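This report concerns only the one structure given below.
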Amino acid sequence: MEPWILITIGAATAQTLRFMLQKRLKGMALSTAGTTFARFVYSSPLVAVIALTYASSTGQGFPSLPASFWPYMLAGGTSQILATMCVVALFSHRNFAVGITFKKTEVLLSALFGFLILGDRFTTLTIVAMLIGLGGVLLLSDPPGGVGPWHQRIFNRATALGLGAGVLFGISGNGYRGASLSLADGDVFYRAIVTLAFVTAFQTIAMALWLAWRERGEILRVLSAWRVAGLVGVTSMIGSICWFTAFTMQNAAYVNAVGQIELLFSLLIGAFVFGEKVTAREWQGLLLLTLSIIMLVLLL
């Protein structure tokens, strides 16, 4: 098995574990914002140390940051904060596997925005893949045991949170790519880890200011939950570094295709860790959406 495949599986594993730990934090009386803050406050120091160590050991030194770096970095960091909050909030409405699958709509929505905004053209198979994904989203949007008109069941808070996460993660990825590409000097990993270091530092400061202003005492509650929150930070750091490394070694379409194994991991964790049951309709939605995403990443 090629190294990039193992690294991608490691990234998907770390990301699934992070969301699992954040779901646990959400159940420990922490707010959505506090649970999201845990990801950044514990990972940013680790990322900074790795960035400084790598820059020093390779002799590449401190980067020259162009003016274009900052808007990309701020857009990516802000949208990732909001996207993570959407996923954490979604866990209160739907089970773990469905929540993670809703997040994966970022692939579908990125393709749609590419068509609407950038004028990207897609093949017939790509359009079919998007329609299959739409069917999966509609099946997932209808909550178990829902009653009333179909449009009221489908257009609900869980749907808005899930699709919102997909949109925001799509924006975040483009922001990080723009920030990294704006750096003229350094190898690929150097630019990636430097971007990640600045982003996580910004996210930590921004969320700390927000919590101090709007949710007094929440920062102390996050620090008090350090046993779980610290693991959130560690898994976040590992996942981010693995994704960046895999993308430097192999075509992004192949990496994303392998990364869909996260959906399988989420089903296993939902069943064996949280004791959740997936309904027949949710299974159908999960399978349709997974098929759609795999088709897209292979076709784009």
Side-chain angles (χ1 to χ4, degrees), residues 10-53 74 76-100 103 157-158 161-162 164-165 168-169 172 196-243 262 265-266 268-276:
T13 302
Q15 186 161 283
T16 307
L17 290 174
R18 172 171 63 81
F19 279 122
M20 178 194 75
L21 292 165
Q22 286 184 302
K23 182 176 173 68
R24 283 206 179 280
L25 278 180
K26 191 70 168 64
M28 295 170 62
L30 291 182
S31 68
T32 296
T35 303
T36 304
F37 177 64
R39 171 187 180 179
F40 305 120
V41 69
Y42 287 101
S43 66
S44 58
L46 299 174
V47 172
V49 169
I50 292 174
L52 290 171
T53 301
L74 293 173
T78 302
S79 58
Q80 187 180 42
I81 289 174
L82 297 175
T84 303
M85 291 178 71
C86 284
V87 174
V88 172
L90 179 59
F91 290 147
S92 298
H93 297 274
R94 301 299 291 273
N95 66 41
F96 185 75
V98 173
I100 294 298
K103 171 197 170 289
R157 180 177 173 81
L161 290 170
L168 291 164
F169 273 122
S172 175
L196 188 61
F198 275 95
V199 166
T200 53
F202 157 71
Q203 290 168 325
T204 300
I205 294 171
M207 290 222 67
L209 292 174
W210 172 265
L211 290 174
W213 177 42
R214 302 292 296 180
E215 300 183 25
R216 293 184 181 276
E218 188 66 15
I219 293 177
L220 289 177
R221 285 189 285 273
V222 172
L223 296 178
S224 297
W226 63 270
R227 288 179 178 82
V228 178
L231 290 175
V232 169
V234 171
T235 52
S236 174
M237 178 200 69
I238 293 172
S240 296
I241 292 176
C242 284
W243 284 121
E262 180 187 358
F265 293 158
S266 67
L268 294 174
I269 287 176
F272 293 105
V273 176
F274 298 113
E276 298 172 340

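Since we're looking at a predicted model, the values are computed, not measured.
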**Study point:** Arg24, CZ: over 12 other non-hydrogen atoms inside 6.0 angstrom
**Key:** no

Revision key, fill the gap. From the list Arg39, Gln22, Gln203, side chain to side chain donor-acceptor pair (under 3.5 Å) partner of Thr84 resolves to Arg39

What's the shortest heavy-atom distance between [X] and [Y], and which atoms?
X      : Y      : result
Gly233 : Ser43  : O-CB, 3.2 Å
Leu211 : Ala33  : CD2-CB, 3.7 Å
Thr32  : Met85  : CG2-O, 3.3 Å
Arg221 : Arg216 : NH2-O, 3.7 Å
Leu168 : Ala83  : CB-CB, 3.5 Å
Gln80  : Ser172 : CB-OG, 3.5 Å

Practice item. Under the side-chain contact (heavy atoms from CB on, under 4.5 Å) rule, what do Phe19 and Val88 come out as? Steps first, then yes or no, please. Key: CA-CA 8 Å; Phe19 279 122; Val88 172; 5.5 Å; no

Revision key, fill the gap. Side chain to side chain contact (heavy atoms under 4.5 Å, CB included) filter on Leu223, not counting sequence neighbours, yields Tyr42, Ile219

**Study point:** Value rounded to 0.5 Å, distance of CE in Met207 from OG1 in Thr78
**Key:** 10.5 Å

Point to revise | Ser224 side chain to Leu220 backbone, donor-acceptor under 3.5 Å | key: yes

